[in-house]
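Below is one structure; the comments refer to it alone.
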Amino acid sequence: MGELKGKKILVTGGAGFIGFHLSKRLSALTSDLMIYDNLSSGKMENVKDVGKAKFIQGDILDVKKLQSVEKPDVIYHLAAQVVVPYSMENPLIDFENNAKGTLCVLEKARKDDAKVVFASSAAVYGNPTVFPTPESYGFHPFSCYGLSKVVGEEYCDMYRNQYGLDIAITRFANVYGLRCHGVIHDFLDKLAANPQTAKCSTWVTEQPSR
């Protein structure tokens, strides 16, 4: 991460769980950090705990506001709708946030000639039968969420090929850690409540799940 020192960095979704930890790390590298979040699921306390960062409350679908943000050198695009069941019940909203929203961010990057790191998901693989699953496994999403992330990746590839943008794609699985609430968090909490049911009881009871 040394090459990021002194760079102007924009983190979309920076008030969320991953966004907080990423922004906290980035704030040690640059004094020019901007967090862009609509606070629909992110928390202002996360932003405050980052320390030295400029907070901009806004939606990635608000093209005018997003384009008005100072020109960054690098954009970490984390903002997304991430609940799989919700995506199946509300596919249009999921597509708007994850596919169209990513396109809005890519347009910002194209106009500003910024590098992009796009947070995709292991959901693009569907239910893989190969472990560890290689990138060459291909796209086999079984949810609207996974499919909208596939579309986001395809937009990234197109912008890379057509406009020469420097774009990296990451595929997160079930993330967990401090300040996280999700399936792994719930699983560890249940193990902590009933340590006798797991061989890893000592580890579970000694490790914080939030």
Side-chain angles (χ1 to χ4, degrees), residues 1 3-83 86-87 90 93-121 145 148-149 151-153 155-156 159-160 163 165-172 175 177-182:
M1 307 240 323
E3 65 185 41
L4 296 174
K5 285 186 177 181
K7 298 291 186 181
K8 185 180 288 293
I9 302 173
L10 172 64
V11 181
T12 71
F17 160 59
I18 298 176
F20 161 72
H21 288 284
L22 174 63
S23 297
K24 189 77 172 176
R25 180 72 181 274
L26 292 173
S27 68
L29 299 173
T30 180
S31 58
D32 244 343
L33 177 63
M34 300 177 287
I35 293 176
Y36 189 93
D37 200 299
N38 65 4
L39 297 180
S40 61
S41 59
K43 300 177 179 179
M44 196 61 206
E45 65 186 77
N46 287 338
V47 177
K48 292 178 180 177
D49 289 347
V50 167
K52 51 181 181 180
K54 178 181 179 181
F55 176 65
I56 305 159
Q57 185 169 351
D59 197 299
I60 54 175
L61 293 169
D62 187 341
V63 177
K64 185 175 181 179
K65 186 161 190 175
L66 183 60
Q67 290 294 343
S68 70
V69 173
E70 295 176 67
K71 178 180 177 180
D73 298 305
V74 183
I75 300 174
Y76 283 88
H77 176 38
L78 306 179
Q81 189 298 114
V82 299
V83 182
Y86 182 88
S87 78
N90 303 275
I93 296 176
D94 179 79
F95 183 86
E96 281 270 308
N97 279 273
N98 294 346
K100 184 178 178 180
T102 296
L103 181 57
C104 292
V105 172
L106 289 172
E107 271 295 279
K108 168 71 174 170
R110 181 180 69 85
K111 293 179 179 179
D112 291 348
D113 192 27
K115 295 181 179 180
V116 177
V117 179
F118 171 53
S120 183
S121 168
Y145 167 71
S148 66
K149 284 295 186 178
V151 174
E153 287 200 23
Y155 270 124
C156 285
Y159 269 67
R160 181 192 295 117
Y163 304 117
L165 285 186
D166 188 346
I167 301 175
I169 296 172
T170 59
R171 291 174 180 167
F172 300 147
V175 294
L178 299 177
R179 306 192 184 207
C180 174
H181 292 276

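Computed from a predicted model, the values in this text were never measured in an experiment.
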Problem - Option among Ile56, Asn38, Ile60 that satisfies the side-chain contact (heavy atoms from CB on, under 4.5 Å) test with Lys65 - result: Ile56
Problem - Side-chain donor or acceptor of Tyr36 paired with backbone N/O of Asp59 under 3.5 Å - result: yes
Handout entry: Backbone N/O of Ile35 and side chain of Thr12: donor-acceptor pair under 3.5 Å
Key = no
Taking all non-hydrogen atoms of both residues, which atom of [X] and which atom of [Y] are closest, and how far apart?
| X | Y | result |
| --- | --- | --- |
| Ala79 | Gly13 | CB-N, 3.7 Å |
| Gly152 | Phe118 | C-CE2, 3.8 Å |
| Cys156 | Leu106 | N-CD1, 3.8 Å |
| Ala109 | Leu165 | O-CD2, 3.9 Å |
| Ile169 | Ser120 | CG2-CB, 3.8 Å |
| Val82 | Tyr145 | CA-CE1, 3.7 Å |

Exercise for the section: Using a strict cut-off of less than 4.0 Å between a Lys/Arg side-chain nitrogen and an Asp/Glu carboxylate oxygen, indicate whether Lys8 and Asp32 qualify as a salt bridge. Expected result: yes
Just checking [X]: does its [atom1] atom have more than 12 heavy atoms from other residues, nucleotides or ligands closer to it than 6.0 angstrom?
| X | atom1 | result |
| --- | --- | --- |
| Tyr159 | OH | yes |
| Lys48 | NZ | no |
| Asp62 | CG | yes |

Under a 4.5 Å cut-off applied to non-hydrogen side-chain atoms, are [X] and [Y] in contact?
| X | Y | result |
| --- | --- | --- |
| Ile93 | Tyr86 | yes |
| Lys149 | Arg171 | no |
| Thr30 | Leu4 | no |
| Phe20 | Lys43 | no |

I need the [X] [atom1] to [Y] [atom2] distance, nearest 0.5 Å.
| X | Y | atom1 | atom2 | result |
| --- | --- | --- | --- | --- |
| Ile9 | Lys115 | CD1 | NZ | 11.0 Å |
| Ile167 | Ile75 | CD1 | CD1 | 9.5 Å |
| Gln57 | Leu39 | CD | CG | 4.5 Å |
| His77 | Lys108 | NE2 | NZ | 14.0 Å |
| Asn97 | Ser87 | CG | OG | 11.0 Å |
| Ser27 | Asp49 | OG | CG | 11.0 Å |

Practice task
Would you please name every residue forming a side-chain hydrogen bond (donor to acceptor under 3.5 Å, both in side chains) with Asn98, sequence neighbours left out?
Solution key: Asp94, Ser148
Fill in the blank from the handout: Contacts of Lys54 meeting side-chain hydrogen bond (donor to acceptor under 3.5 Å, both in side chains) (sequence neighbours excluded), chain-then-number -> Glu70
Handout entry: salt bridge (charged side-chain N to carboxylate O under 4.0 Å, His left out) evaluation trace for Glu107 with Arg110
Key = CA-CA 5 Å; Glu107 271 295 279; Arg110 181 180 69 85; 2.7 Å; yes
